[in-house]
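The figures here come from the full heavy-atom set of this structure, side chains too, leaving out hydrogens, waters and symmetry mates. The sequence lines fix the lettering, A, B, ..., with proteins before strands; numbering per chain opens at 1.
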There are 2 protein chains.
Amino acid sequence: MESSANEFLRGTLKTIILKLLTEQRPASDELSGVSFTRQGRMYGYEITQAVKERTKGEITLSFGALYPVLHKLEQEGLLTTETEEVEGRLRKYYTLTPQGTQVAVQKVSDFERFMDTMRHLLQLPVNLATGH
Amino acid sequence: MESSANEFLRGTLKTIILKLLTEQRPASDELSGVSFTRQGRMYGYEITQAVKERTKGEITLSFGALYPVLHKLEQEGLLTTETEEVEGRLRKYYTLTPQGTQVAVQKVSDFERFMDTMRHLLQLPVNLATGH
DNA sequence: ATTTATATATAAGATTACGATATATATAAT
DNA sequence: ATTATATATATCGTAATCTTATATATAAAT
């Protein structure tokens, strides 16, 4: 049985992945040791965990769904990859290209608009109670 | 090129159709001429027009998408049909079964929850400005 | 006459997401 | 020693879903 959240996930995966990658994340210069923030760089497993944590387990991004999307985004020129060895294992980091950043912003905005349209279509109230 | 609204439509079609059918609509007793309201009864073409009008053309439900869903919902016992001749043409009306009404309510509620989750995941503000 | 609007429906094809599976290392518990 | 858990990438087959194109037909409008 498909979870009720994942039923609606169809079509939003790209948007979720691109948005997560736009976020500023802590980093450090390995030579100088100086800490700073920079635009995201995430590896596959990390993305699935981030989605799980933020949605308190409501949305589960399976690997079978994730990797095909990552590969497609890379193919489309929205992501680049760098593979690094971390603790004996290879880890593949994904980073947004400038075009990827642009598409990410566009897609999030499109999704907001879609939610408004759906709220109207389904005659749903604007949600004040659960404001974050 | 796929419209940005329709990109996110996947997974929401059943919910939209079921919800529209839950709505009270004007009707009349053909014998007595008395007007009243009753739970929806819509035909396919009417559904596509209702979606188009309410979303100001942002969401377009194609027939190729609509009919398979209607047939499936009927098969699943959520809808029943009655065919009538109107102005020389056959028209097929779809009505919710009691189970269909139940599923409709559940799906709309699931979708609201999904939107909340997505708003959180994408760090979107609660939308006050466009409240309907 | 022809186009537009109304109306139902199927077929072909592409896309998408999921479950299962394979591979591999590291660590913690039994 | 073995088992389990967590981390990590990736493919394959399948099922479901959606898009586009097509067929059919009537009525009204131009």
**Q** Within the pair A:Lys72 and C:dT15, is there a side-chain N or O less than 4.0 Å away from OP1 or OP2?
**A**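 Negative; the distance criterion is not met.
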**Q** Report yes if a side-chain nitrogen or oxygen of A:Asn6 is closer than 4.0 Å to either non-bridging phosphate oxygen (OP1 or OP2) of C:dC18; otherwise report no.
**A** yes
**Q** If I take atom CZ in residue A:Arg10 and atom C1' in nucleotide D:dT17, what distance separates them, rounded to the nearest angstrom?
**A**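 Rounded to whole Å, this separation is 5 Å.
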**Q** How long is the straight-line distance from CD of A:Glu84 back to CG of A:Leu90, given to the nearest 0.5 Å?
**A**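 Output value for this atom pair is 10.0 Å.
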**Q** Quick one: is C:dC18 close enough that its OP1 or OP2 comes under 4.0 Å of any side-chain N or O from A:Ser62?
**A** yes
**Q** Indicate for each nucleotide in nucleotides 2-12 of chain C, in 5' to 3' sequence, whether protein heavy atoms under 4.0 Å reach the base (B), only the sugar-phosphate (S), or nothing (-).
**A** ----BSBBB--
**Q** To the nearest Å, give me how far apart CZ (B:Phe8) and C1' (C:dT16) are.
**A** 14 Å
**Q** Checking ring-ring contact (aromatic ring centres under 6.0 Å, His included) for the pair A:Tyr94/A:Tyr43: CA distance, chi angles, key distance, verdict?
**A** CA-CA 6 Å; A:Tyr94 295 85; A:Tyr43 50 98; 9.4 Å; no
**Q** Once rounded to the nearest 0.5 Å, what's the spacing between atom CG of A:Leu20 and atom CG of A:Leu96?
**A** 10.0 Å
**Q** Counting only heavy atoms from other residues, nucleotides and ligands, does the tally under 6.0 Å from CZ of A:Arg113 exceed 12?
**A** no
**Q** Could you tell me the separation between the CG atom of B:Leu70 and the P atom of D:dC18, rounded to a whole number of Å?
**A**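 So the CG-P distance, B:Leu70 to D:dC18, works out to 12 Å.
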**Q** Can you tell me how far P of C:dA17 sits from CD of A:Glu7, to the nearest Å?
**A** 13 Å
**Q** Could you report the tightest heavy-atom contact between A:Glu23 and A:Lys19, atom names first, then the distance?
**A**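 Distance-wise, the nearest heavy atoms are OE2-NZ, 3.0 Å.
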**Q** How close or far is atom P of C:dA17 from atom CG of A:Leu73, stated in whole angstroms?
**A** 11 Å
**Q** Taking atom P of D:dT17 as reference, at what distance in whole Å does atom CG of B:Leu61 sit?
**A**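 The answer, rounded to whole Å, is 14 Å.
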**Q** Roughly, in whole Å, what's the span from CD in B:Glu87 to P in D:dA28?
**A** 7 Å
**Q** Tell me the closest heavy-atom pair linking A:Arg119 and A:Val126, and the distance in Å.
**A** CD-CA, 4.1 Å
